[in-house]
Amino acid sequence: MTATDPGAEPRAARLNEFGTQPVPHADDAATDGARRGPLFEEHVALGAAMTPFAGWSMPLRYTSDLAEHRAVRSAAGLFDLSHMGEIRVAGAGAGAALDRALVGNLSGLAVGRARYTMLCAPDGGVLDDLVVYRTHDDAWLVVANASNVDVVLSELRERCAGADVEVTDESEATALVAVQGPAAEAILAELVLDAAERAAVVGLRYYAATEAVVAGVPALVARTGYTGEDGFELFVDAAHARALWRAVLAVGEPQGLVPAGLSARDSLRLEAGMPLYGNELDRTTAPHDAGLARVVKLDKVDPEGRPLDFVGRAPLAARAGSQPSRVLVGLQGLSRRAARHGYPVVTDRGAVVGHVTSGAPSPTLGHPIAMAYVTPEVSAVGTELAVDVRGRAEPVRVVALPFYRRPSST
Amino acid sequence: MSAIPTELQYTAEHEWVTTGDPATIGITANAAEALGDVVYLELPEVGSQVTAGSVCGEIESTKSVSEIYSPVTGTVVEVNEDAVGDPSLVNSDPYGQGWLLRVEVVATGPLLSAQEYAELVEG
């Protein structure tokens with residue numbers, strides 16, 4: 001039995017090519033040269049299968065991909081995201097500098113709110129997708145994908161130079177854990193002892209954040225996530241990560257929480273139709289291609305009310321007014337074999353009309369799902385296409401994204 | 001690391017095979033663990049021919065898909081329909097209820113002893 005390499009291009013989500021072996025002892029993982037985050041020993045103690053990911057040794061799964069996925073949909077999952085990058089941008093000129101550096105309007109973000117945005121190259125290609133928090137009047141926290149931290153840091157430093165802005169990489173000193181799922185709010189409520197802080201955490205809106213002491217650990221608590229469920233992400237000092245991790249497990253487990261690995265994280269975000277850098281987004285992709293034109297704020301203005309020329313503005317403005325050459329769509333598999341990253345999307349005549357960016361059997365829906373870039377002519381919902389799955393055409397249908405939407409709380 | 005049954009023979013591609021005829025074929029616990037939860041098995045039909053060292057099926061988890069290589073050449077006489085219906089058997093009992101095929105053997109490919117396979121996966 002050998003793994004089938006589904007695509008020639010490098011990709012971020014290659015989590016479990018065959019040959020990934022469980023790591024029984026902490027010492028064994030050192031041999032792959034990957035960095036260990038502050039929770040590494042916790043993962044090993046829990047028996048996690050570790051995998052190299054963006055230069056880090058991260059938990060792929062603890063017990064079962066499916067059980068972890070389902071726990072997040074039905075109760076809660078606890079994720080270690082300490083490999084992600086945290087970059088603080090602070091100073092009197094920080095807001096204006098970020099407006100020039102990123103495609104979004106960050107100076108207009110209220111303190112305590114977060115925004116999904118992107119760092120684009122001068123040609124409009126996506127260098128990384130980001131979540132940016134405004135933590136203070138003059139300070140923003142930029143959260144970058146692990147694989148892109150160096151690029152984001154150097155670009156922000158260059159783009160913010162000489163503007164009364166300090167750009168600080170806090171990735172090493174910061175741990176990030178996520179509590180995701182319908183039980184997340186109740187679990188957080190138990191861990192925040194101060195009544196006012198608890199009320200603030202429970203009352204957080206989506207994409208908002210507040211400071212609170214969680215299980216004795218000072219944290220920035222954000223109502224954000226990458227699973228399609230309600231949930232929280234907690235930024236804490238790396239020195240406190242293990243105490244927080246254990247406390248969340250202890251309080252959460254009676255409510256159905258389990259530790260969840262990168263494998264479940266990937267299948268959860270795919271069901272939720274969320275892009276993954278390296279799959280749906282890369283240097284050759286404009287935000288518009290991925291259906292994310294809304295994050296590009298072409299109408300941004302400077303304090304004097306003049307149009308603001310951010311990096312990538314001209315090509316992105318041109319893109320906004322033209323017909324795209326490809327469209328990101330959802331595909332529902334109509335057979336059992338799943339389309340995977342890199343597989344060609346074809347018509348019934350065998351013409352290649354696109355490529356799959358991510359694909360897997362959906363644990364929640366029970367059939368294969370995929371995201372793919374296809375030509376506009378075949379992008380309408382309901383269009384019947386096929387994916388060349390290792391030499392055999394498997395039927396698929398274009399469906400609306402996301403594949404999964406959580407039951408609305410009423 | 002899971003125990004590797006000494007009475008079986010193995011391929012370098014992580015299949016196991018019994019020594020009798022018909023031979024029973026499955027994938028090893030090491031392979032099942034590395035794949036994660038198996039959600040779909042594609043196996044050859046009863047009566048079809050399989051060739052040692054050639055692909056005879058596919059095994060799919062949420063994260064990845066792998067091809068199954070036949071350890072022997074011969075005719076498929078039985079397919080484990082229980083495992084096709086409930087692929088989690090491959091994870092829970094890879095050397096028992098999670099078997100995949102029974103094949104009437106004409107010839108065998110290069111096979112490893114349990115000790116040689118152990119050296120391969122631990123090396």
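Everything numeric here is computed off the predicted structure, so don't read it as measured data. Convention: sequence-line order gives letters A, B, ...; per-chain numbering from 1.
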| task | Under 4.5 Å heavy-atom distance to chain B, tell me which part of Pro363(A) shows up: side chain, backbone, both or neither. | result |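 It is the side chain, since no backbone atom gets that close.
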| message | If I measure from the heavy atoms of chain B, does Ala338(A) come under 4.5 Å with its side chain, its backbone, both, or neither? | response |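 Both backbone and side chain.
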Residues, nucleotides or ligands: over 12 heavy atoms within 6.0 Å of [X] [atom1]:
{"X": "Gln115(B)", "atom1": "CD", "result": "no"}
{"X": "Gln97(B)", "atom1": "CD", "result": "no"}
{"X": "Glu45(B)", "atom1": "CD", "result": "no"}

| request: Might you point out which heavy atoms bring Ser64(A) and Asp37(B) nearest each other, and give the distance in Å? | output: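 Heavy atoms only, the tightest pair is OG-OD2, 2.6 Å.
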| message | Using 0.5 Å steps for rounding, measure from the CG atom of Leu262(A) to the NZ atom of Lys63(B). | response |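 Leu262(A) atom CG to Lys63(B) atom NZ measures 8.5 Å (nearest 0.5 Å).
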| task | To the nearest 0.5 angstrom, please state how far the CD atom of Glu58(B) sits from the CZ atom of Arg337(A). | result |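 Between Glu58(B) CD and Arg337(A) CZ, I get 4.0 Å after rounding to 0.5 Å.
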| said: Can a donor-acceptor pair be found, under 3.5 Å and without considering hydrogens, that links the side chain of Asp65(A) to the backbone of Gly36(B)? | reply: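 Checked: no pair found.
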| message | Given 3.5 Å as the limit, does a donor-acceptor pair link the side chain of Arg336(A) with the main chain of Tyr40(B), or not? | response |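 Here the side-chain-to-backbone pair does not exist.
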| task | In sequence, state the C-alpha distance, the side-chain angles, and the governing distance for Arg340(A) and Glu60(B), and then conclude on salt bridge (Lys or Arg N to Asp or Glu O under 4.0 Å). | result | CA-CA 11 Å; Arg340(A) 304 278 181 172; Glu60(B) 193 147 21; 2.9 Å; yes
| said: Looking at Arg390(A) and Glu42(B), is any side-chain nitrogen of the basic one under 4.0 Å from a carboxylate oxygen of the acidic one? | reply: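 Here Glu42(B) does not pair with Arg390(A) in a salt bridge, since their nearest N and O are not under 4.0 Å apart.
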